[in-house]
Structure formats: C-alpha cells, structure tokens
Amino acid sequence: MSADGKLVYLFSELNAAESRVEDWDSVRGLLGGKGANLAEMTRLGVPVPPGFIVTTEACGAYQDAGALPDEVWDQALAATEQVEKAVGRKLGDVREPLLLSCRSGAKFSMPGMMDTILNIGLNDQVAEGMSQATGNPRFVFDLYRRLVQMFSSVVLNVPEHLFEEVLTAARRHAGVDTDPELSAGDWRDVTRRFKDIVKTHTGKPFPTDPRDQLKLATEAVFRSWGGKRAVDYRNAAGIPHDLGTAVNIQTMVFGNFGEGSGTGVAMSRNAATGERELEGDFLVNAQGEDVVAGTRQTRPLAELNDFMPEAYEEFGRIAHELETHFRNMQDMEFTIERGKLWVLQTRDGKRTAQAEVRIAVDMVDEGLISQREAVLRVKPDQVDFFLHPQLDPAQAESSKPLAKGLNVSPGAAVGVVALDADTAERWARDGGKDVIMVRPETKPEDVHGMLAAKGIVTLRGGRTSHAALVARQFGKPAVVGADSLEIDLDKRELIADGEVVKEGEWISIDGTNGIVYMGQLPTVVPDLGNPYLLKILQWADEFRRLQVRANADYPRDAERAREYGAAGIGLCRTEHMFFESDRLPVVQRMILAKSRTERAEAIAELLPLQRNDFAGLFRAMDGLPVIIRLLDPPLHEFLPAYDELIQDLADLKVRLQHMHTMSEIDDALDQIRIKQDFLERVSALREANPMLGSRGVRLGILIPELTRMQTRAIFEAACRCAREGVDVHPEVMIPLPAHVKELQVQREALENEARTVMTEQGLEVDYKFGSMIEVPRAALTAAEMAGPAEFFSFGTNDLTQTTFGISRDDAEAGFLMDYIRKGILADNPFETIDPDGLGRLIHLAVEGGRSTRPDLEIGICGEHGGDPRSIALCHRLDLDYVSCSPYRVPIARLAAAQAALQAEGEGE
Ligand code: ADP
Ligand code: MG
Ligand code: MG
C-alpha cells in the first residue's frame, strides 16, 4: 500500500502521482495506461471530461480483502464531490444530474478485454427529471436502458441474450429495423422490461442509488481483471498477471444527443502501412461502444469534415499534438456532444510490423525520436514478418476474388473456413489444420479462435474494429468489413456473388490488399526489400558489437544468408551433403566396406563431390570466414533402420517361397544378400545410446581416412577458389570433443593433410582450426582446449542436452512442456539459453579459453543463435558472434543491436 495512503487521484492530480514514483512507466503502473494518459491530456489542456482514477494499488487491496476497503471508497466519494464541483452537476440530482462512466484501465492496454459501464447515476427519478430538463426523453431512456444492460451483464452476470431478445421484440413491435428508429416510448418500455429481467434473474431490483451503482461497478472492474477472458489475453500477450487494473471514473459526455453529436476512434497514422495520415471510423448520433462493436456500419473519419468541420479540424490538431507529445503513433477515442469535442482516450497504437518499421524510420526523419530509439522500438520478431509468405502474385492475379474488404493486417493466409471460434480452435489444435476464421464480426470471447487461425475475415467492422486490432497485434493476416459476403450458419456456408464455400473448404486471403479468394492459392516468400526495414537494420549494424553469421550447408543458403547480412558461415554441417540421394549409396558403401581398399575407393568417390560443395560456399562467402564442421552424426544414421531391415528380410523370405521363375528368385536372393550385409553392419554399429556413442570427433579418430578426405576436400576447394581470385577463409571445426587430447590428435592429422594439399597446389591459404564446445568437460577444461583450438563454437543444443542430462526429442515430446506448465522451468532451454546453468558454463569456458589464447574467436551456433533473449545473453557473455539460420539473420542483427543498446543503458 502507498506510503501516503492515497489510492485515488483526480485527473488533475498527475503531479502528485509523479512525485510518488520514479518515472512515467511507474506512473502507468500506478494509474493504468488509460488513466495516466487521461491525466496527461488534462495537463496538456486537451478537452477531457473531468474524472478520477482508483489506482492499481487499490485493486491489490480489493483483491487482498475480497471487497472494496473503506478507505478506497471514502477517497472515491471525496473525489466524486470534486468532480461534481468542477462540472456543476451532482450525482443523483433530478434536474441536473452528473452521469459517470466506470472504465477499466491496466498498465498495458487489453482492448475490449475488461469491462466498462456507461451512464452511471440514472434511476427512475433522475431519468424523469433529465427528460424534462433536456426535453429529450428518447435520448434519456436510451441512456438508461444502456446502463441497465451493461451494468446487469458486467456486475450482475445476467445473460446478454435476454436483453437482445427484448430489443428484437421492441423493433418488431414498432415495425422498424434499427435501434435509432425506436421512439422515446419504446425506450421507456425497453428500460422497464430490462429492469424486470434483472429482478427475475437476480431476485433483487436494479440498484437505484447512484453511489451504490458506482461502488458495485468499481468492484466489478477490479473483479474482471481475474476473469477468464482477461487471463487468456494476458497469457497470449505476455502481460504479467500481478499488475492489476485501475478504474477510471469519468463525467459522461454524449455522442448520442442527436445529429450534431457523434463518437469515433482514430489513429494518428495508418496502422497497416504506417503512412502518415489520420484515419479512423465514426458514427453520428451514437454512444461509445457502438463504433468498436462493429454492429453499425461506420463512416471513414475524413467524412467527419462534412458533418462537423470545426470539431474535425480541432481533432486533427489535437491528434498531432498528442503524437508529438508521446512521440509515438496514437490511437484515440473521441466524442462530440452538440458540436463540442471531447477526447476520451489516447494510447500508443497497435500496428503491423510494416507500420512499426515505417513509423520508426519516419519519426527519426521528423526529429521526434533518435536512431537508437527507432532500433529499440522494432521488436525482433516483427522483422520475421517480412520473411513471411505472400500470395504468389501471378496466381492471385489470375484468380477471381470472392470478396473484398479492408486490408487491416497484411500477409497471406491460406486455410479452411471455420465459422466460429471454437471450431477454428478445434480444427487447428486437434486436427492440425490451417484455418481461416470467418465471422460477421469478432468479440473478445472469439480471441482463442483468432489465435488458432492462420487468418481472419469479418463481414462487418472498420479499421479500428476488434478484429483488426487483435489481428494486427498478433500478426495474423486479416480482411475485415468484407460486406459482400454472407454467412449462413444453418447450412454452415459462406455465400458471395452466387458462389458457395462450405465450412471446411479452402479459401486464401491477402491481408495486404484486403482480397479474399476461393481455394488454396500458392504462396511465395518475399525478399527483404522493404526500404524502411533496410534502414532500421543498417542503423542496428552500427550499434551492435556481436557479429552475425549463418548456419548454411549449401551454396544457395549461403547466398541468401549473405543477402540478409551474414558476416560469414558459423556452421556448415557436412553430413547434410552426405544425405543427398546421389551420395547416400556411396556413403553406405564406405560404411559397409569390408577392406581398407574398398573403403578408400568409396571415400575417393566422395572427395570431388565434397570439394564442389565447399567451393560453392567459399565463392558465396568471398572475403568472409566459413566454418566447416567435420562429420558429426553416428554412422548408423546413414543406414536403414534395424527394425525395418529385419521386417524387409522376413518379407523377402516369405515371398521367395512363392516365386517361380529363376530370374525372380535370383533377384530376390541378391536383395536378401544386400539386406543381410546391411543388417550385419547395422548390428555391429548398433549402440545403446547412439547420441553419446561413436559420433563427433570419435568418428574422425575411428576412421582417419574420413577426416583426411574431408580436409583434402576443404583445402583443394580453398586453393582452387583462391586461384580464381576468391578471398577464402576456411575454419575447420571438430565436433563434440571432451578432452584436449582428442583435439591434438585431430589437429595433427588435419595439419598434415592440409600441408600436403597446399604443397601439391603450390599455394598457401589462411585457415583456422577450432573446436565445438558441446559437453561440460570441454567447457570446464577450456583453458587446455584453447591450446590446439584457435576458435570455439558453442553447440548450444548438444550442450543443453549434456548439461541438463536430457535428450531434446524425449524432453519436448514428454515432460518438458509439463515442467513449463508447472513453472519448474520458466522457458524451454532448447529455445532460450538457460542463463544460470548453461550461461555459467559458457562464461567459464570463455574465461578459460581467453586466458590461454586472448584472441580466441568465440561464438555460438544452433537455433539459440536466432533467439533474441539468447543473443542478449551472448552479448553479455562477450562472445564474438552468433550464428543462426539464414532467415533469422536479420532478426539477430536487430536483437544484437538491442542487446548492445540495453547494456549501454544499464551502464555497461
Ligand atoms: P475499452 O478499454 O474497451 O475501449 P473504454 O473504457 O475506453 O473501454 O470505454 C468504452 C467506450 O465507452 C469507448 O468508446 C469510450 O469512448 C466510451 N466512454 C467511456 N467513458 C465515457 C464517457 N465518460 N463519456 C462518453 N463515452 C465514454
Ligand atoms: Mg477505449
Ligand atoms: Mg552437436
């Protein structure tokens, strides 16, 4: 609890909040994002209806006590009096009543996840008095029935459909299609019926005392923090559960006062592309939620200029001011009451990856933020988006669009139609299907389906609809407001233009231009050509200290890696080349060889193939280092599986008994002989724990010809390329050693062969000899290992396995996920380097290695090399580089820059 016991702040008391906590981030933590910004806008002189904030600390106190503590409520009542004074109206007054909204607002925005109640303060007497005072009973009873409706579903848990049924009946009875056409008398009736529903459903009348209403509403908002909807959302968005929410109590302003009033939502920049243009949606004569709910077709913001030019102009000015003040794109809510503009909310706008990148670069050009801030703003995973598939343009062009809507979240998605969230989730999760969820509009309770789906289509709603916001936040391609589509929920099908798509049939959507296609269109992965992204990455390169290399086995991967900014190859796994279909038989012959000569022949056949592979890599990486790892996996991986062979042999023997012709029998006998040979060898090579058996450096020591051949291939390729004028930097890496002696033996063998080749070729190339560090013993004896090794590369996958003593395959298929769910492990150590165990081991190895060889080159290879948190750890551990898959290279470049900037910020 706060030191001064202050649990409630007026919007005009921001200074008091600021003097209590260190920085703006903590102000947001205390007042919630919505409340902090309402107070900040008040200070800036933006027209904000007066109100106050019940803090997140009060939420904590509520949760501890299970009820609203007296001190919280006393302070809220005192603040209400202040607001009454400021606006000159009183809560419960029958002539000039103060009406209030009660709004949730946590530190991080959770759009639509928690509850808001409008029009608090109305009861029968107040409604009558207000009807006379305004001369507009239709307006007053519309407010009143909204209060009963929202309050009942949020506070009293009355099912929403009961109210919907009354509304439908009222429209039918009045012979109209839409709510705005209902009369004052209709709304009076509806309100009475609503209150009857409350009485029947809860056994108590609707609370008439405005102060009771306010208190119950406040408690309900605090309670909604723990509701399933909110918990699910926080899990998905990675928001901590212990922050709590604040409650904002605010004077109501009315966008539904008539044709001169309205309400809307706007973004200061285009949330899909990042373009600098104010955009949004509004409705004339409507209140609050109507815009976001997607139930009435909204108008584009620009048209507000035709209806209320002065308010439009003022709003544009304020939007610009807020953007400049918060130095970020803003997402704002406004209401116009009889021509007077009020701003009800502003927050940093959710946006697509493209928009994020473009806005960051534009804001640097506009002088709003520094290059550092721009680099820190873009999340590494957003870079990933630029490498995501798009519909193949040629195919898309020749396909007939099924419908067109708004392009609110870019990218392509291809999947089967699911018409509700549960189906979408079930098909995606249990059926492993790609699903596109298609709905009239989405609501907060649909989020689980949206998360499971590859893409989202809605028939209604605008750029700021719930569907659009959520899709952008989670990077799901989406098309909203595709209003030419119809959904028939009885027949479970989608209709457009006379075409019918049944639920479960394929559609393809292009969220970049808002088009929905029938069928399953092919996709292509685009190149990193976006100029704004290139700018961000270029800045990132200036800030980072870590080098980024790529894991690439083939020349085409190496070329791509280089294009994406890799500074060399951190790992070429030669075994991948051995698996190619034209080589596997030769590799098998080498393994099956019964004599040295036979083996030598097979190895000699492999030599030119490997030489070509390596030459391709050297050419692609002209001027940059290329680390080639000698053969690593246990040999049995290149042979058919033991069980399979036994089965095949048994089959062949049975078939043999039914064969008639000599040639058939001869063939079968040949087959049997070959399989028998395989089986013998496989049995001989069979190990109880192959991953801890004859593999890695052990293999090279066991079959020295193999090491010699690979070395020869590397150096012949290097010399050949050098002669072509390529600047080659081979680095030969030994896998899996545990003891320095293993390295010494290999280094000697390798140097002999390298020297022989270079003498033959009459050419010297610069090279390095180095070691992977994949077992704890190697890390612990790093000082010795660095004697023969000129570089270390941590194979963090095997090192995680050997440090934890668990196998990845078994762990991820079994207990590991359970561990994470139970909180025994915070993260999957195969995705993010375990900082305490592995991190410590790496630290020891770095220290040990550099104590022997100060210029030891150190990096990591493996999937962790593309994981931003692991990259940050590598920065702190002072490694030289990370190596990751070509597609992660741009992400790693940005993550490495952020690690450097953050460490700098922490006074490294
Ligand atoms: P959310 O977080 O779901 O957006 P809000 O608290 O922002 O919930 O409120 C929901 C809707 O009600 C918004 O459109 C908002 O502008 C409107 N609203 C909230 N308070 C008031 C008020 N005092 N006067 C008029 N409209 C309000
Ligand atoms: Mg809002
Ligand atoms: Mg390994």
Please name the pair of heavy atoms, one in [X] and one in [Y], separated by the smallest distance, quoted to 0.1 Å.
| X | Y | result |
| --- | --- | --- |
| Leu376 | Gln898 | O-NE2, 3.4 Å |
| Ala127 | Val140 | O-CG1, 3.5 Å |
| Glu503 | Thr423 | OE2-CG2, 3.7 Å |
| Lys476 | Ser409 | O-OG, 2.7 Å |
| Gly35 | Ile53 | O-CD1, 3.5 Å |

Among residues at least two apart in sequence or on other chains, which ones pass ring-ring contact (aromatic ring centres under 6.0 Å, His included) with [X]?
| X | result |
| --- | --- |
| Phe815 | Tyr819 |
| Phe11 | none |
| Phe151 | Phe206 |
| Phe163 | Phe194 |

Can you find a heavy atom in the side chain of [X] that is under 4.5 Å from one in the side chain of [Y]?
| X | Y | value |
| --- | --- | --- |
| Asp867 | Phe830 | no |
| Ser104 | Trp225 | no |
| Leu31 | Leu14 | yes |
| Leu30 | Val27 | no |
| Val447 | His466 | yes |
| Val479 | Val408 | no |

Quick check on side-chain contact (heavy atoms from CB on, under 4.5 Å): which of [options] does [X] satisfy it with?
| X | options | value |
| --- | --- | --- |
| Ser152 | Val155, Val148, Val154 | Val148 |
| Leu344 | Met41, Lys34, Met332, Glu333 | Glu333 |
| Trp342 | Val48, Val253, Val46, Thr251 | Val253 |

Which value, rounded to the nearest 0.5 Å, describes the distance between Leu91 atom CG and Ile249 atom CD1?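 Output value for this atom pair is 10.0 Å.
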Which residues share a side chain to side chain donor-acceptor pair (under 3.5 Å) with Arg347, sequence neighbours left out: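 Residues passing side chain to side chain donor-acceptor pair (under 3.5 Å) with Arg347: Asp331.
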When you measure from the side chain of Glu219 to the backbone of Leu216, do you find a donor-acceptor pair of N or O atoms at a distance under 3.5 Å?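 Side chain of Glu219 to backbone of Leu216, a donor-acceptor pair under 3.5 Å: no, none is there.
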Just do the salt bridge (charged side-chain N to carboxylate O under 4.0 Å, His left out) check on Lys90 and Glu81 with the steps written out, would you? CA-CA 8 Å; Lys90 276 183 177 313; Glu81 271 176 43; over 6 Å; no
Is the shortest distance from a Lys or Arg side-chain nitrogen in [X] or [Y] to a carboxylate oxygen in the other one below 4.0 Å?
| X | Y | result |
| --- | --- | --- |
| Arg145 | Asp142 | yes |
| Arg43 | Glu18 | yes |
| Arg103 | Asp115 | no |
| Lys6 | Glu71 | no |
| Glu84 | Arg211 | yes |
| Glu323 | Arg269 | yes |
| Arg869 | Glu831 | no |
| Lys443 | Glu441 | yes |

Pairs involving residues 446-455, ordered by first then second residue, that meet side chain to side chain donor-acceptor pair (under 3.5 Å) (sequence neighbours left out):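 Matches after skipping sequence neighbours: Asp422-His448.
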